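Residue numbers start at 1 and run along the sequence shown. Since the structure is predicted, the reported quantities are computational estimates derived from the model, not experimental observations.
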Amino acid sequence: MSKIYSVCVYDLDKERCAREEKLLEQVLAQKGLPHIIAISNHGRGYISRAGIEDRLPAIEIGGQYWCRKPGEELTAEGIGSLLDMFIANGILS
């Protein structure tokens with residue numbers, strides 16, 4: 001598996017997407033992963049091509065998309081548990 005250098009938040013709500021990106025940055029730092037860049041995308045074109053409109057907000061790691069609860073803003077707890085799963089499985093380090 002190739003090394004992961006970024007984690008992306010996808011959401012069509014621009015303001016919510018910005019909050020979620022900031023939260024992702026904070027959780028990455030708390031998990032000892034400040035070298036991984038948090039980015040976000042609220043562009044309808046890419047989200048439509050990825051086919052994830054009904055799963056937003058979503059997080060993309062290594063080409064895979066995950067959604068905790070469609071329509072609900074991501075939380076530090078939700079992001080943290082997702083990152084913990086990736087760390088435990090060696091996907092993030």
Side-chain angles (χ1 to χ4, degrees):
M1 171 174 276
S2 61
K3 186 144 177 81
I4 303 293
Y5 295 100
S6 65
V7 176
C8 187
V9 172
Y10 293 90
D11 200 335
L12 290 174
D13 183 319
K14 185 178 179 179
E15 288 77 27
R16 184 171 70 180
C17 192
R19 289 191 304 271
E20 292 164 338
E21 179 184 4
K22 192 63 157 171
L23 194 56
L24 176 59
E25 288 174 351
Q26 293 168 357
V27 175
L28 285 166
Q30 291 169 355
K31 299 286 180 190
L33 302 167
H35 56 284
I36 297 176
I37 299 168
I39 58 177
S40 63
N41 187 329
H42 56 84
R44 184 171 297 279
Y46 182 85
I47 289 170
S48 293
R49 285 190 301 278
I52 58 172
E53 302 98 322
D54 60 340
R55 297 172 48 202
L56 297 176
I59 293 179
E60 182 265 326
I61 299 175
Q64 300 294 315
Y65 300 92
W66 286 269
C67 175
R68 301 282 296 178
K69 293 181 182 174
E72 290 188 20
E73 189 160 346
L74 298 172
T75 65
E77 182 179 286
I79 293 171
S81 65
L82 184 62
L83 294 181
D84 286 342
M85 180 183 70
F86 292 125
I87 292 166
N89 289 301
I91 297 168
L92 291 177
S93 59

Of all heavy-atom pairs between [X] and [Y], which one has the smallest distance, and what is that distance?
X     : Y     : value
Pro70 : Asp54 : CB-O, 3.7 Å
Met85 : Trp66 : CE-NE1, 4.3 Å
Asn41 : Ile47 : O-CD1, 3.8 Å
Arg55 : Tyr65 : NH2-O, 2.8 Å
Pro34 : Gly32 : CD-C, 3.1 Å

Query raised in the report: Just by distance, do the side chain of Asp11 and the backbone of Asp13 share a donor-acceptor pair under 3.5 Å?
Result: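 Side chain of Asp11 to backbone of Asp13, a donor-acceptor pair under 3.5 Å: yes, one is there.
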
Query - Donor-acceptor contact below 3.5 Å, side chain His35 vs main chain Ser93 - result: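 Checked: pair present.
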
Could you measure the distance from the [atom1] atom of [X] to the [atom2] atom of [Y]? Nearest 0.5 Å is fine.
X     : Y     : atom1 : atom2 : result
Phe86 : Ile59 : CZ    : CD1   : 7.5 Å
Ile79 : Asp84 : CD1   : CG    : 12.0 Å
Glu25 : Ser40 : CD    : OG    : 8.5 Å
Ile91 : Ile61 : CD1   : CD1   : 7.5 Å

Hydrophobic clusters here meaning ILVMFWY residues chained together by side-chain heavy-atom distances under 4.5 Å, can you tell me if [X] and [Y] are in one?
X     : Y     : result
Leu28 : Ile39 : no
Leu23 : Ile87 : yes
Leu12 : Val9  : no

Requested in this report: Using a 4.5 Å cut-off on heavy atoms from C-beta on, say whether the side chain of Ser48 contacts that of Glu53.
Outcome: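 Glu53 vs Ser48: side chains touch.
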
Query raised in the report: Considering only heavy atoms from C-beta outward, does the side chain of Tyr10 approach that of Leu56 to under 4.5 Å?
Result: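 Yes, side chains in contact.
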
**Report entry** Glu20, Lys69, Arg16, Glu21 screened by side chain to side chain contact (heavy atoms under 4.5 Å, CB included) with Leu74, the one that passes
**Finding:**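 Of the listed residues Glu20, Lys69, Arg16, Glu21, the side chain to side chain contact (heavy atoms under 4.5 Å, CB included) partner of Leu74 is Glu20.
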
Query - Ile37 atom CD1, neighbour heavy-atom count above 12 within 6.0 Å - result: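 No, CD1 of Ile37 has 12 or fewer neighbouring heavy atoms, counting only those of other groups under 6.0 Å.
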
Query raised in the report: Going by distance alone, is a donor N or O of one side chain under 3.5 Å from an acceptor N or O of the other, for Arg68 and Thr75?
Result: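 The criterion, which ignores hydrogens and geometry beyond distance, is not satisfied for Thr75 and Arg68.
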
